[in-house]
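Quick note on labels: first sequence line is chain A, next is B, and so on, each numbered from 1.
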Amino acid sequence: MAASEAAVRVHDVSRRFGHRWVVRNVSMEVFPGEAVLLVGGNGAGKTTLLRVLAGLLRANRGTVDHRGMVGMVAHHTMMYDALTARENLTFYTRLHGLPRDGRGDRLIERLGLAHAADQRIATFSRGMLQRLAIARSLLHDPDVLLFDEPLTGLDDAASRIVLDVIRELKARGAALLIATHQLVELVGETARVGYMVSGRLAALEPIGGRDAGGVVSRYKELVTDGR
Amino acid sequence: MGYPENSGYMVAAYTIAAVVVLVYSVTLYFRVRRYRDR
Amino acid sequence: MTRRERALQTARRGGLVTVIALVGLAVVYVRAIAFTPIERTQGPAQKIFYVHAPIAWATMLAFAVTGLLSLLYLTMRDRKFDLMAAASAEVGTALGIAMLTTGPLWAKPIWGTFWTWDARLTSTLFTFLLFVGYLVLRGALSDFEVRARFSAVLGVMALVLVPFIHVTVYWFRTLHPDPVVMKPEGPSLPAVMLTTLLTSLIVCTVLYIGLVMQRYALAVLEDVREEEEAGDGIS
Amino acid sequence: MAGNLLTATAAIARKDLKVEWRTKTAFMSSLVFAVLVLAVLYFARDKTSVGDFDIAPGALWVTFTFAGMLGLNRAFLLERENRALDGLRLTPVTPTALFLGKVIGNLIFLGVVELVSLPLFILFYDVPIWRQLPILLAVVALATVGYVAVGTLLSAMVVRTRFSEVMLPVLLLPFLVPPIVSAVQLTWRILALRPLSELTGWLSLLAAFDVIFFTLSLLLFEAILIE
């Protein structure tokens with residue numbers, strides 16, 4: 001792991017909506033080939049922090065800089081129901097200014113969606129949409145990947161495919177930041193865990209061999225310290 | 001006198017203008033006062 | 001001095017300016033009614049001009065200020081300009097109501113119909129509706145940053161539109177033969193009438209300034225309360 | 001860079017039209033609206049006192065304006081579905097390309113609605129149109145460009161409020177005065193076979209409005225996208 005060269009560096013970032021500070025003074029780094037879990041209750045600021053990192057939201061204070069391209073998989077698919085899976089990916093390929101070298105089709109294949117490539121995504125299940133969203137986020141070979149609840153609403157088969165992709169991305173040296181409640185499946189893939197408590201990064205530390213239960217109890221500890 | 005007898009319009013216009021201006025000024029004053037007591 | 005105290009001070013000063021303007025308005029009323037001669041051909045209704053024209057001027061001034069402040073906000077991103085722009089828009093709309101009521105009351109006796117599509121009356125009506133839209137847009141946006149940016153965009157667009165509306169309405173108007181005999185301005189005003197008009201213009205401008213100071217102060221006070229209710233900030 | 005702008009603009013316009021072609025909801029509602037307005041205006045008058053000639057220009061432009069307004073919101077409602085706008089903002093697509101893509105999409109959409117309702121207009125109001133068709137189409141194009149540019153900018157804002165359907169007309173109508181009044185004046189003179197010299201005044205106003213407000217809307221569009 002190239003210790004010095006972080007893929008994404010966040011320095012003292014804060015963000016507010018109206019007068020309410022939703023993310024407060026967060027500083028962190030994610031290194032290439034590493035997966036960092038971001039855990040925290042609803043409203044702890046996980047999604048907002050991810051959107052600031054993705055560049056969708058401006059940081060009101062502090063700075064975000066990332067080396068290379070960013071890809072994001074969020075709760076919403078960011079695609080068009082009336083278009084087919086292939087058409088959606090072709091559209092994004094064009095927007096990225098990428099050559100139409102069949103990368104979309106390869107990703108559709110890789111994520112097990114070949115059978116539905118030419119169906120409108122309005123007909124897709126939650127799991128299929130999630131996998132297509134991952135395909136969309138990988139079109140431009142990003143160095144940094146942000147996942148917001150990637151496994152929610154997925155059946156076992158779909159979860160396995162997504163986990164395979166996460167493993168593959170790590171192996172290829174991408175930096176992954178995953179906000180999730182599904183600890184059991186993802187803990188095995190994680191190097192470090194970030195604990196978000198009411199907008200602050202209470203702790204960012206190596207997982208230290210903890211299992212899902214261990215992470216949850218650590219989180220509870222931090223919440224009680226915080227109060 | 002020779003000029004048309006239409007002072008009624010003048011009275012109406014002057015009163016309406018005064019009412020609008022006064023009503024707005026007074027409501028504005030009370031809207032601000034609500035923040036003064038604390 | 002906290003933001004709240006400064007706002008309360010502005011409000012007090014604005015209140016004083018408003019009172020001075022209201023006294024001035026009373027003076028104008030007395031002067032116009034009792035000490036300005038009745039125009040021979042148009043009768044007493046002509047005196048509505050001393051109130052309608054200055055209020056129309058103040059209304060348009062208010063909207064122009066909103067447009068300029070919107071431009072300033074977009075370039076400087078300072079919330080002060082946004083709150084001032086909103087204050088000026090509301091004052092302009094309030095004065096606009098007086099403008100749009102006294103206008104037809106003046107048009108009826110002088111031109112024969114409550115509403116003639118005279119270029120000035122029509123363009124002031126559309127400008128008024130434009131800024132009612134501005135206030136409606138502000139009302140529909142809860143996040144104050146989005147509200148500031150969107151209303152600034154609309155403010156700038158409105159500023160550029162007003163001259164277009166005036167030209168359009170003016171060309172539209174003069175192409176149709178004017179059905180009414182008398183032109184509103186009539187002969188150039190004799191001195192005594194002119195001074196009444198000028199004093200009224202000054203009074204209405206001062207009134208606008210007093211009202212906008214108070215409304216701006218109110219906007220700041222509301223913002224401060226909203227901030228307090230939102231809880232703790234950042235370290 | 002310019003290449004990317006063109007491909008992105010084209011991709012966005014194509015996608016808008018493809019989605020619209022698939023769903024046709026906005027298109028059909030605009031078209032039905034146009035037919036209704038034309039019919040109502042035609043029958044809602046005493047033929048003896050109000051000749052075809054006097055009402056035709058007004059009827060044509062009321063139809064185009066309101067049918068157009070129905071279609072304008074759909075462009076950005078499309079991006080709100082599944083938060084597709086986030087997806088666009090994650091790509092290197094600039095606000096300019098997004099604005100131009102949306103404007104072109106809207107222009108083509110409205111152009112088709114106008115072209116389909118024009119024969120109906122001719123059917124209802126037997127006005128001598130054939131010889132003057134080129135100049136009339138030019139005026140239609142000029143006026144439509146004007147209000148579509150402003151309408152696209154305003155609808156980008158309005159779709160983020162709670163009641164966008166009502167809000168757009170409220171904000172847009174004052175902006176319609178210059179282009180639509182000019183268009184009606186020009187249409188009236190064209191149908192009356194008046195010499196070109198009588199058209200130049202209104203044509204210059206219409207052209208000035210288009211240039212100024214197209215540029216202004218383009219420049220201000222970015223301020224709307226920032227989150």
Shortest non-hydrogen pair, F164(C) vs L205(D), comes out as CD2-CD1, 3.8 Å

Sort F213(D) into side chain, backbone, both or neither according to what part of it lies under 4.5 angstrom from a heavy atom of chain C.
side chain

Using heavy-atom distances under 4.5 Å, tell me whether R77(C) contacts chain D through its side chain, its backbone, both, or neither.
side chain

Between chain C and each of I224(D), V158(D), V170(D), V181(D), count heavy-atom pairs under 4.5 Å; write down the option with the most.
I224(D)

Chain D contact via V167(C) - which portion, at a heavy-atom distance below 4.5 Å
side chain

Taking side chain as everything from C-beta outward and backbone as N, CA, C, O, which of these in I226(D) sits under 4.5 Å from a heavy atom of chain C? Side chain, backbone, both or neither.
both

Answer yes or no on whether R160(D) is positioned over the face of F150(C), meaning its NZ or CZ is under 6.0 Å from the six-membered ring centre and within 45° of the axis.
no

Under the 3.5 angstrom rule, does the side chain of N73(D) hit a backbone N or O of S164(D) as a donor-acceptor pair?
yes

Part of L141(C) lying under 4.5 Å from any heavy atom of chain D:
side chain

Quick one: does D78(C)'s side chain have a donor or acceptor within less than 3.5 Å of a partner on K80(C)'s backbone?
yes

What part of L173(D) is in contact with chain C, defined as an atom under 4.5 angstrom from a non-hydrogen atom: side chain, backbone, both or neither?
neither

Does T200(D) offer a backbone N or O that forms a donor-acceptor pair with the side chain of S204(D) under 3.5 Å?
yes

Okay, side chain of S200(C), backbone of Y50(C): is any donor-acceptor separation there less than 3.5 Å?
yes

Given the rule in the side-chain contact (heavy atoms from CB on, under 4.5 Å) test, do L118(D) and F64(D) qualify, once you have shown the distances and angles that lead to the verdict?
CA-CA 9 Å; L118(D) 202 57; F64(D) 283 178; 4.1 Å; yes

Chain D contact via L130(C) - side chain, backbone, both or neither, heavy atoms under 4.5 Å:
both

Region of M157(D) that comes under 4.5 Å of a non-hydrogen atom in chain C
both

Of the backbone (N, CA, C, O) and the side chain (C-beta and beyond), which part of V132(C) lies under 4.5 Å from a heavy atom of chain D, both, or neither?
neither

Would the distance check show the side chain of T94(D) and the main-chain N or O of A97(D) forming a donor-acceptor pair, the cut-off being under 3.5 Å?
yes

Can you tell which of V153(C), I165(C), L129(C) has the highest number of heavy-atom pairs within less than 4.5 Å of chain D?
V153(C)

